[in-house]
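Here's the structure we're looking at; comments come further down.
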Amino acid sequence: MNNKHRGKRIETGEWIYGYLIGDNVIVGEIVDWNDEYFNTEYWYAVDPATVGKYIGIKDGTNNDEWCVGDILTPNPHLHNQEVQIICYDSHQAKYKSVPLSTYRTNAGNGGWTGYDIKYWQRRLGNIHDNPELLEVQR
């Protein structure tokens, strides 16, 4: 099971990748564990608004791990050529690429009308570092 997450460290603003503990702590590496105990190498407090789960896909061009909140290139097979945001569709229990207009309309309610994420899409950035990519495209 994939439990890897990323979040922006509160103290420095740098991205931390690891295992989410609670809502706002990411553990960089689990060194030793069993059912009653675990020891970690690093604990980081992160901004909960920036936490995104790794979805198990890496960008084919640079090996970046894709997470919820990442912005992907438009799907050239669709009439609407908007960037797409990775979201979790709670109704279908899967990760989807959601066009920007749908993301803006549906933000925060957990049900998304989106598309399957395609292997040929590319990661352009994320909603936290690249808000300019979320501006209305003309």
Side-chain angles (χ1 to χ4, degrees):
M1 182 165 130
N2 172 21
N3 287 322
K4 193 170 188 181
H5 288 73
R6 72 162 181 221
K8 275 196 161 189
R9 192 170 170 190
I10 290 175
E11 296 170 350
T12 64
E14 73 178 300
W15 285 104
I16 300 298
Y17 296 82
Y19 300 91
L20 185 65
I21 307 274
D23 292 332
N24 67 341
V25 174
I26 289 184
V27 175
E29 182 179 348
I30 296 176
V31 178
D32 184 29
W33 65 276
N34 63 38
D35 290 339
E36 297 174 7
Y37 162 86
F38 73 94
N39 180 24
T40 64
E41 189 67 30
Y42 302 101
W43 294 68
Y44 301 101
V46 296
D47 177 353
T50 66
V51 172
K53 186 170 181 16
Y54 170 53
I55 66 167
I57 298 174
K58 291 184 180 184
D59 193 299
T61 58
N62 58 16
N63 219 25
D64 280 347
E65 296 177 336
W66 290 359
C67 296
V68 170
D70 279 346
I71 302 170
L72 303 178
T73 55
N75 183 333
H77 302 290
L78 300 176
H79 175 37
N80 181 349
Q81 288 296 295
E82 298 177 289
V83 295
Q84 298 180 1
I85 295 88
I86 296 176
C87 297
Y88 183 74
D89 185 329
S90 59
H91 299 293
Q92 293 187 8
K94 65 190 280 189
Y95 297 100
K96 304 286 264 313
S97 63
V98 176
L100 178 60
S101 58
T102 305
Y103 176 80
R104 289 180 175 279
T105 303
N106 211 11
N109 83 16
W112 299 93
T113 302
Y115 303 95
D116 290 334
I117 297 168
K118 302 298 183 185
Y119 67 91
W120 40 258
Q121 286 181 283
R122 297 290 173 246
R123 182 180 173 277
L124 299 173
N126 66 66
I127 61 174
H128 308 289
D129 290 341
N130 310 100
E132 71 279 3
L133 295 175
L134 298 177
E135 295 182 19
V136 177
Q137 302 162 351
R138 302 201 189 275

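In this chain, residues are counted from 1 in sequence order. All of these numbers come straight from a predicted model, not from anything done at the bench.
In terms of modelled atom types and a separation under 3.5 Å, the side chain of D89 and the main chain of Q92 share a donor-acceptor contact. Checking side-chain atoms of T50 against main-chain N and O of D47 turns up a donor-acceptor pair under 3.5 Å.
At a threshold of 4.0 Å, the pair R123-D59 does not count as salt-bridged, since none of the basic side-chain nitrogens sits closer than that to a carboxylate oxygen.
Of the inter-residue distances, the one linking D70 atom CG with R122 atom CZ reads 13.5 Å to the nearest 0.5 angstrom. Atom OG of residue S97 and atom CD1 of residue I71 lie 12.5 Å apart, to the nearest 0.5 angstrom. For the atom pair CD1 (I55) and CD1 (I117), the distance works out to 3.5 Å, reported to the nearest 0.5 Å. The distance from the CD1 atom of I57 to the OH atom of Y95 is 10.5 Å, given to the nearest 0.5 Å.
Residues K53 and N3 form a side-chain contact, since some pair of their non-hydrogen atoms from C-beta on lies under 4.5 Å apart. Residues V46 and H5 are not in side-chain contact: their nearest non-hydrogen atoms beyond the backbone lie 4.5 Å or more apart. Q84 has its side chain out of reach of E82: every pair of non-hydrogen atoms, C-beta onward, lies at least 4.5 Å apart. No side-chain heavy atom of Y115 sits under 4.5 Å from any side-chain heavy atom of Q121. Between K4 and Y17 there is a side-chain heavy-atom pair separated by less than 4.5 Å. Residues N130 and L124 have side chains not in contact (no heavy-atom distance under 4.5 Å, counting atoms from C-beta outward). When side chains are defined from C-beta on, K96 counts as touching D116, because their heavy atoms get closer than 4.5 Å.
Shown here for P99 and G114, the closest heavy-atom pair between the two residues is CD-CA, 4.4 Å. Here the closest non-hydrogen pair linking E135 and L100 is O-CD2, 3.7 Å. Scanning all heavy atoms of the two residues, the minimum distance from Y54 to W66 falls at CD1-O, 3.2 Å. Across every non-hydrogen atom of H128 and W15, the tightest pair is CD2-CH2, 3.8 Å. Heavy atoms only, all atoms of each residue included: R6 and G69 are closest at NH2-C, 4.1 Å.
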